[in-house]
Amino acid sequence: MASEGRSEIPKAGELPLPGYGAWSPKELQAKLAEIGAPTQGSREELLERLQTYTLQTGILLTRPVLRGDDGDNSGPPPLPGPVSTERPQLTM
């Protein structure tokens, strides 16, 4: 009877949190690094770590924006190639 009307607190892996499951391992690692949590482990461990953080703090995390192959360390986009300064000749 004690459990009637009361729901148990879900474990981190049981609560479907918005969007975390769709994140790539690099995105999970980037967000974990941002909050100061360990970034090593399997994808499932990283996901559980983020879910646990959200359950404990009540803070929903937004998806990180990764740039380039190595995270946020990439530079500006490359410049276009050389432009021709010659004018086309008109024939009449």
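Because the structure is a prediction, the values reported are computed rather than measured.
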(Q) With heavy-atom distances below 4.5 Å as the criterion, would you say the side chains of Lys31 and Leu46 are in contact? (A) no

Q: Taking all heavy atoms of Glu27 and all of Ala22, pick out the closest pair and write down the distance.
A: OE1-O, 4.5 Å

Q: Please report the shortest heavy-atom distance between Leu66 and Ala30, naming the atom on each side.
A: CD2-CB, 3.9 Å

**Q.** Side chains of Tyr53 and Leu32 in contact at under 4.5 Å (non-hydrogen atoms)
**A.** no

Q. Do Leu61 and Tyr20 come within less than 4.5 Å of each other through their side chains, counting heavy atoms only?
A. yes

Q: For the residue pair Ile35 and Leu50, establish whether any side-chain heavy-atom pair is separated by less than 4.5 Å.
A: yes

Q. CD/Gln51 to CG/Leu55 distance, rounded to the nearest 0.5 angstrom?
A. 7.5 Å

Q: Show your reasoning for whether side chain to side chain contact (heavy atoms under 4.5 Å, CB included) applies to Thr54 and Leu60.
A: CA-CA 6 Å; Thr54 297; Leu60 293 176; 3.5 Å; yes

Q | Polar side-chain atom of Arg63 near backbone of Leu28 as donor-acceptor pair, under 3.5 Å | A | no

Q: Output the distance between atom OG (Ser24) and atom CZ (Arg43), rounded to the nearest 0.5 Å.
A: 8.0 Å

(Q) Within this structure, what is the CZ-CD distance for the pair Arg49 and Gln40, rounded to the nearest 0.5 Å? (A) 8.5 Å

